[in-house]
Every structure is written in C-alpha cells, then in structure tokens.
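Here is the structure we will look at.
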Amino acid sequence: MALQNFQYDIIMREYNRRQSQVQHDLEERRAEAFARVPRLLEIDGEVAALSAQKARSLLQGEPGSVDDLKKDVSALSAERRSLLKKNGFSEDYLEPHYFCPICQDTGYADGQKCSCFKKAEIELLYTQSNLTEILKKENFEHFSFDWYSDTIKNEATGLTARETAKRAYDAAVNFVRDFDRRSQNLFLYGSTGVGKTFLSHCIANALLESAHCVLYFSAFDLFDRLAQTAFSKKPETDMGDDFIFDCDLLIIDDLGTELTNSFVSSQLFLCINERIARRKSTIISTNLKLEDFSATYSERTFSRIASNYQMLKLIGKDIRIQKIFLGGK
C-alpha cells in the first residue's frame with residue numbers, strides 16, 4: 001500500500017530535520033577547524049575559485065586547461081587532509097556527515113526509495129499499528145501448539161483442539177502469503193484465552209515486516225475513536241475515519257466486550273461494509289458464540305461477515321491460565 005499523504009509527510013519531515021542537523025553540525029565543525037587552522041579557510045576559498053574557473057573553461061571550450069585545474073584542486077585537497085590529520089581532526093571533518101550516506105538524507109537513491117526510507121516506513125507503520133511492543137513476543141515464530149489439547153474435541157467437526165489450532169494457523173499463514181493477490185477477511189471466534197488475539201498478532205507482524213499498513217484496535221478503542229470523529233470537530237491534520245477504512249489490514253479485537261448500542265452496531269456495519277467495498281482486509285476476533293453475535297450486532301451485520309469472511313473457531317483451555325499454573329512459561 002502507498003503511504004497515506006500524512007504518513008509520507010511525517011517521514012519527509014524527519015528527512016528535512018536530518019538535513020538541517022547535518023548542515024548545522026557541519027557549520028560548527030567548520031567554525032572550529034577554521035579557528036584553529038586558518039589555512040583551511042584559505043584552501044576552501046582557493047578550491048571554490050578553481051572550481052569556478054573550471055566551469056568557465058568548460059563553457060568556453062577549453063578542455064586542455066581543465067586537467068591542470070583538476071591537479072591544482074587535488075593538491076589543495078591533499079593539503080587539507082594533511083592539515084586536518086596533523087591537527088587531530090579526521091580527514092572527512094569538513095565533509096557532511098549524513099545519517100544515511102547512500103541517499104544523503106533525501107530518502108531516495110537512483111530514483112528509488114532508499115533502504116533507510118523503507119526502514120522508516122516499517123517503523124512508522126509499526127508505531128501507528130498500536131502493536132509495537134507486543135509483536136516482539138507474539139508472532140509466528142513464537143506460536144506453539146503445545147497449549148492445545150489432543151483430547152478436547154470440537155463436536156461439530158470431530159477435530160481436537162490441537163488439530164483445530166493447526167488448521168487456523170495454516171489459514172493465517174495462507175492469509176499472509178496471498179495477501180497481495182486477493183482480498184480476504186478472517187473471523188476468529190471461540191472462548192477466552194484460546195489464541196485468537198495471538199494469531200491475529202502473528203498475521204499483523206508478518207505484514208508489517210513487509211511494509212503493509214496494519215491497524216489494531218480493541219473493540220472499545222475502535223468505537224471510542226469512531227464516536228470522537230462522529231461527534232466532535234476534527235482538526236485539519238486529523239484524517240478522520242478514512243485511515244481506518246483504507247489501511248491494508250484492520251484488526252478489531254475482542255468484539256463483544258464493549259458496551260453495545262445502536263451507534264456501535266451501525267458503526268460496525270459501516271466499517272465492515274466500507275472495507276469490503278474498498279477490498280481491504282479485516283480480521284475480527286470475538287468470544288461470542290455465533291448466535292449471540294448475530295443477536296448483539298444484527299442479522300444484517302452477521303450476514304455480511306458470514307458471506308465475506310473465513311470463519312475460524314479455536315477451542316481448548318485458557319492458555320493464559322495454563323501459563324500461570326506453569327509459572328509463566
């Protein structure tokens with residue numbers, strides 16, 4: 001996904017800040033070096049004069065004199081390096097010290113985004129996803145099937161909790177693999193503590209690593225945000241709800257734990273419907289049973305989910321409680 005305009009502006013403001021910092025630091029180093037070694041200032045003036053003379057020679061079609069000018073500039077450069085070293089400075093002390101030498105703090109190299117820009121994109125997306133810290137622990141690498149029983153079974157499918165978890169895990173991996181090829185949505189449901197949120201975090205981490213725009217909200221925070229934009233005047237810098245509707249992946253966690261009313265029900269339908277229309281992927285997790293979900297958010301909302309989402313049920317014992325009994329392991 002291309003960055004939103006305001007996200008791009010955030011990154012470019014940082015590059016502008018870096019350029020200003022580099023120039024400020026260079027001016028301070030120049031002032032220090034010139035004060036201690038006045039000959040360095042003279043060399044700078046002589047190099048500038050020779051460079052101007054070289055430009056005039058090229059414009060006047062006198063290539064023969066250019067070689068002599070190059071030799072003179074080279075000799076002055078060698079003298080400058082020698083003076084710097086002799087006086088305890090590094091040879092590049094009077095050169096800009098860029099944060100990124102590849103793009104010289106412009107964000108672009110050879111007409112393409114520099115690797116530092118791509119890194120800044122990922123870091124920004126992580127920060128704005130609301131998941132920065134948690135994804136260090138909750139990702140595919142740390143997903144374990146050991147917490148799922150081989151004896152507890154889903155009566156409807158006949159699969160054990162572990163087999164059910166493996167199916168959900170495979171679906172999550174496929175979700176990431178096919179993410180850029182097709183629009184897809186997941187509805188994760190089951191009792192408390194069976195790994196629904198963890199699995200959605202695994203997906204979020206994988207997509208953020210590939211510089212996709214992921215937003216995570218608990219149900220309470222999402223509807224609080226939607227209420228703020230619906231009932232209050234937005235500042236000019238506020239993107240409103242559009243970022244929620246247009247991010248690559250929206251994760252709505254713990255749906256059903258918020259205080260549900262007509263506003264919440266209507267906003268959920270709006271959010272789901274708008275993202276389906278824009279072909280943007282969404283993951284919803286809930287502890288509610290399917291029949292309770294339909295009763296809480298309306299049959300219309302449930303119908304949209306049932307016809308556009310892959311439904312994944314997880315079963316088993318509460319993993320958080322299991323970890324407590326095992327001393328947090």
Treat each ILVMFWY residue as a node, draw an edge where side-chain heavy atoms are under 4.5 Å apart, and state whether [X] and [Y] are in one component.
X: L314; Y: L290; result: no
X: M12; Y: Y98; result: no
X: I252; Y: L215; result: yes
X: L268; Y: F245; result: yes
X: F293; Y: L270; result: yes

Using every non-hydrogen atom in the two residues, find where [X] and [Y] come nearest and quote the distance to one decimal.
X: Y15; Y: C103; result: CE2-SG, 4.5 Å
X: I102; Y: S115; result: CD1-OG, 4.2 Å
X: S200; Y: I283; result: CB-CG2, 4.1 Å
X: K317; Y: Q322; result: O-NE2, 3.3 Å
X: V194; Y: I315; result: CG1-C, 3.8 Å
X: L135; Y: N139; result: O-ND2, 3.0 Å

Would you call D92 and H97 a side-chain contact if the rule is heavy atoms closer than 4.5 Å?
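Heavy-atom side-chain distance check passes, below 4.5 Å.
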Are any of the side-chain heavy atoms of H142 and C202 separated by less than 4.5 Å?
no
For [X] and [Y], indicate whether the former's side chain and the latter's backbone hold a donor-acceptor pair under 3.5 Å.
X: S281; Y: L249; result: no
X: K196; Y: F187; result: no
X: R162; Y: D150; result: no
X: S303; Y: E299; result: no
X: H212; Y: A206; result: no
X: R167; Y: K313; result: no
X: N87; Y: L83; result: yes
X: R80; Y: D44; result: no
X: Y309; Y: L188; result: no
X: D224; Y: F220; result: no

Pairwise distance [atom1]([X]) to [atom2]([Y]) - rounded to 0.5 angstrom:
X: I43; Y: L76; atom1: CD1; atom2: CG; answer: 6.0 Å
X: K136; Y: N205; atom1: NZ; atom2: CG; answer: 11.5 Å
X: E28; Y: R30; atom1: CD; atom2: CZ; answer: 13.0 Å

Would one find more than 12 heavy atoms of other residues, nucleotides or ligands at under 6.0 Å from atom [atom1] of [X]?
X: E155; atom1: CD; answer: no
X: R278; atom1: CZ; answer: yes
X: Q112; atom1: CD; answer: no

What about the rings of F217 and F223, do their centers lie closer together than 6.0 Å?
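Ring centres of F223 and F217 not closer than 6.0 Å.
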Does any donor atom in the side chain of D253 or S285 lie under 3.5 Å from an acceptor atom in the other side chain?
yes
Determine whether F302 and Y297 satisfy the following criterion, ring pair (Phe, Tyr, Trp, His ring centres under 6.0 Å), listing intermediate values before the conclusion.
CA-CA 7 Å; F302 182 70; Y297 297 104; over 10 Å; no
Got a sec, which residues hit side-chain contact (heavy atoms from CB on, under 4.5 Å) with N273, two or more places apart in sequence or on another chain?
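Once residues adjacent in sequence are excluded, the partners of N273 under the side-chain contact (heavy atoms from CB on, under 4.5 Å) criterion are F269, R304.
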Kindly indicate, with the supporting measurements, whether the criterion ring pair (Phe, Tyr, Trp, His ring centres under 6.0 Å) is fulfilled by Y216 and H201.
CA-CA 9 Å; Y216 168 91; H201 286 170; 5.4 Å; yes
